[in-house]
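The shown structure was predicted, so the numbers you read here are calculated from the model rather than taken from an experiment. Letters A, B, ... mirror the listed sequences (proteins, then strands); counts begin at 1.
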Protein chains: 4
Amino acid sequence: MINKVILIGNVGADPEIRTLESGVKMARIRVATTERIYNREAQESRDHTEWHSVVLWRNLADVADRFIRKGSQVYIEGRLRSREWTDQQGVKRYSIEILADDLKMLGRRSDNPSAGQPLSPQGGQQGYGGQPSQPAYGGGYGQGGNASYSGGGYQPQQPAQTPAAPEVNLDDPDDLPF
Amino acid sequence: MINKVILIGNVGADPEIRTLESGVKMARIRVATTERIYNREAQESRDHTEWHSVVLWRNLADVADRFIRKGSQVYIEGRLRSREWTDQQGVKRYSIEILADDLKMLGRRSDNPSAGQPLSPQGGQQGYGGQPSQPAYGGGYGQGGNASYSGGGYQPQQPAQTPAAPEVNLDDPDDLPF
Amino acid sequence: MINKVILIGNVGADPEIRTLESGVKMARIRVATTERIYNREAQESRDHTEWHSVVLWRNLADVADRFIRKGSQVYIEGRLRSREWTDQQGVKRYSIEILADDLKMLGRRSDNPSAGQPLSPQGGQQGYGGQPSQPAYGGGYGQGGNASYSGGGYQPQQPAQTPAAPEVNLDDPDDLPF
Amino acid sequence: MINKVILIGNVGADPEIRTLESGVKMARIRVATTERIYNREAQESRDHTEWHSVVLWRNLADVADRFIRKGSQVYIEGRLRSREWTDQQGVKRYSIEILADDLKMLGRRSDNPSAGQPLSPQGGQQGYGGQPSQPAYGGGYGQGGNASYSGGGYQPQQPAQTPAAPEVNLDDPDDLPF
DNA sequence: TTTT
DNA sequence: TTTT
């Protein structure tokens, strides 16, 4: 009924970007979360790092492509999704990924090396690159103009990779009663 | 950047339902969350109940209207929203509400008295009532045919109160690569 | 930095209970979360069920033992934890579990069949069983007296399985300034 | 039953620090969360900033005092808590705060101006200041030596402001079976 | 393997 | 493989 994951951590490597034949863009990142773990008997503590496989689709993949680099600190909200696959030896394997529903870049813009220069050579950014006068995601993130996108909405008429409606979540309080 | 509230609690009274002239439906509920609070000095504990004002719009309002009754146990995910208003003495008041993005009915169907018989007399349910052969929300809730709706998506072409797309959040894993 | 999982779902089978030689109690449950998944092209939807392995320790294990049965609806908050192990063929395997930090029983008490009669034959409940006059967790859950325990606190002086401090998190607002 | 708030945002001013006669330290901060809000009719969007009052106690207050400055980006997890008070005109007022259970500093250390130099003149840090050889919170934050504290645990024997057990939640995986 |  |  509810299957929710919230991560804040650092990305271990530049994102892997793929674009399917259908034109749908996908990104995969590895996110590290480190926590201090306590041993009550020994009165000791040490750090434990957990690595998470996160998959992002469409606009979230595009934000990942454009803004995430090795070392970036990110907020991810998503769902656990198990996947079955067959390895090279023909053995059935089973893995768990986090399917992202939201992504936010954390820290200040200056924290992110070379943000804004997409890594992927497939040229998935035509929609953005040609518009110097109106940067699709604000030309940065942080407080005001943030580089984020809340995915997941049911958006039938919206072509993939269109910069419209970057951050999901409701309507104008001036026009609508809230 | 992130403003998220998650509540699980019981509803203190039947929902207040309103339909605006524009046809947009709204519901308001009061949700109680009780927690045990500890006094470390006295080694005592006691319960504290916090009451939350939750506002739901459109399809979420409709689910609230149809399934929530006094005593219902609900899951709410939403955002904090402050509101300024002027009371009858002309004094400026300020209140905080939770604007719901998701609602799930908890417990078994039998837990909810008279679920399925909407309270609101305004007749906001025409879209559902005339379809005995295809109950809009499964005639119940729980996990299969669930009485829930994740709101918030950017849904320009979707007329208010249409039962389509009840639970936001993605696409068919058979057709899409996840 | 943040590694948080929130689940609401139904338990697929009675919990597996183990007590280590050290006296530490552990429970393992499988929790199903079902969500509706949408195919935007086909305008179709179908349900997907994800199964989650949840591990609970100490007091949380005890609550699981006493109140969770096949079919129970539960709220779990925890962390993702990967584990490496070697299967019977000597192949290295890797699995992911959710290490619970909080557990709440959802629905009304009557929803849970035979709650209160621990399944585990190991007799780990001596601390509770001998007190018919003062049921350790309120003789039920739901609104007021809830069968829950928020684990995780650093509780050096607290012997395992002592019913003290069921729901972690704070002090008396009368004595402390909040 | 569950009353949880998760915020990521920027702090509007240096924290207000108070130490009670009992020696218990408290901090209050204002956190801004900005979100883009969409007007489906007008196909427009604009930003809305919500300000949150967050109260932190004991070790969390101390971390706030030492590391939070105007502009800091923070992660807060906590609970909604309403408070009644009487204003200067004798009118009963009612406000809502977020009582923090967890705090993490986001971004890189260099993002936070003058971190490590506590603002509060009350000298609440004696416990830390006198230990140049073993900085209580690593002299920085981030994931390794992080400036955070997950509050809330039931910690009867633990004197306030002792640096012990900074991040609640569990034991050594080498010694304990998880 | 749950739930509806 | 990140971060400090």
Roughly how many Å is it from [atom1] in [X] to [atom2] in [N], rounded to a whole number?
X	N	atom1	atom2	result
A:Arg69	F:dT1	CZ	P	20 Å
C:Leu106	E:dT4	CG	P	14 Å
B:Lys104	E:dT4	NZ	P	16 Å
C:Asp47	E:dT1	CG	P	18 Å
C:Ile68	E:dT3	CD1	P	14 Å
C:Met1	F:dT4	CE	P	10 Å
A:Lys70	F:dT2	NZ	C1'	8 Å
C:Ile29	E:dT1	CD1	C1'	12 Å

Do NZ/NE/NH1/NH2 and the carboxylate oxygens of [X] and [Y] come within less than 4.0 Å?
X	Y	answer
A:Lys70	A:Asp14	no
A:Glu35	A:Arg46	no
A:Glu50	C:Arg79	no

Considering only side-chain heavy atoms of [X], which listed nucleotide, [options], is closest?
X	options	answer
C:Trp51	E:dT1, F:dT3, E:dT3	E:dT1
A:Thr49	F:dT1, E:dT2, F:dT2	F:dT2
C:Thr34	E:dT1, E:dT3, F:dT3	E:dT3

Secondary structure string for DNA chain F (Watson-Crick or G-U under 3.5 angstrom, | for other-strand pairs): ....

Side chain to side chain donor-acceptor pair (under 3.5 Å) partners of [X], counting only residues at least two apart:
X	result
A:Thr49	A:Thr34
C:Ser95	C:Trp85
A:Ser53	none

Test salt bridge (charged side-chain N to carboxylate O under 4.0 Å, His left out) applied to D:Glu77 - qualifying residues, sequence neighbours left out: C:Lys4, D:Lys4

